[in-house]
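Each remark here refers to the structure printed beneath this line.
Keep in mind that this is a model prediction, so the values were computed, not measured.
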Amino acid sequence: MPEAPSFDPLIHAPHRLRICAIANAATHVEFGELQQRLGLSKSALSKHVSQLVQHGYLHEDSVKRGGHLRLRLSLTDRGRSAYRGHTAALIEIMEAAN
């Protein structure tokens, strides 16, 4: 069932919107992959991720792979609902302009 349109200022910031879009398309995404895809420094990406984690939109999980710890991120149910509601609100705004 589609989410009710609900504009979310936290998600609306361009980098956080892209983080949510990437995470929505997969079960999880590694921090390093996000950094590469978004072209952000570790500190800038970490700031955006922290805000999404603090609001309960992203879940962090450390896994060991290739002898190294990797930080994996996934949207929580709350985050997935907020992202889908936000994108529905954006579509509603764009359609109203036509």
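- The side-chain heavy atoms of Val29 and Ile19, taken from C-beta on, include no pair separated by under 4.5 Å.
- Atoms CG and NZ, from Leu71 and Lys42 in turn, are 11.0 Å apart once rounded to the nearest 0.5 Å.
- Between the NE2 atom of His59 and the CZ atom of Arg72 there is a distance of 8.5 Å, given to the nearest 0.5 Å.
- Side chains of Arg70 and Phe31 form no contact here, defined as non-hydrogen atoms less than 4.5 Å apart.
- Expressed to the nearest 0.5 Å, how far CG of Leu34 lies from NE2 of His48 amounts to 11.5 Å.
- The side-chain heavy atoms of Val63 and Leu69, taken from C-beta on, include no pair separated by under 4.5 Å.
- The two residues Leu38 and His15 make their nearest non-hydrogen contact at CD1-O, 4.4 Å.
- In the displayed structure, Asp61 atom CG is contacted under 6.0 Å by more than 12 heavy atoms of other residues, nucleotides or ligands.
- Contact detail for Ser41 and Ala44: the closest heavy-atom pair is OG-N, 3.1 Å.
- Residue Lys47 holds its NZ atom at 11.5 Å from CG of Leu40, rounded to the nearest 0.5 Å.
- Residues Leu73 and His28 have side chains not in contact (no heavy-atom distance under 4.5 Å, counting atoms from C-beta outward).
- In this structure, the side chain of Arg16 engages the main chain of Leu10 through a donor-acceptor pair within 3.5 Å.
- Between Ser74 and Thr27, the closest side-chain pair of non-hydrogen atoms is not below 4.5 Å.
- Listed for the Ser6 side chain is no donor-acceptor partner under 3.5 Å among the backbone atoms of Gly85.
- Applying the side-chain hydrogen bond (donor to acceptor under 3.5 Å, both in side chains) test to pairs two or more places apart or on separate chains, those with a residue in residues 83-95 are His12-His86.
- Separating the CG atom in Leu52 from the CG atom in Leu58 is a distance of 4.5 Å, to the nearest 0.5 Å.
- Minimum interatomic distance between Leu75 and Ala23 (heavy atoms only, all atoms of both residues): CG-CB, 3.7 Å.
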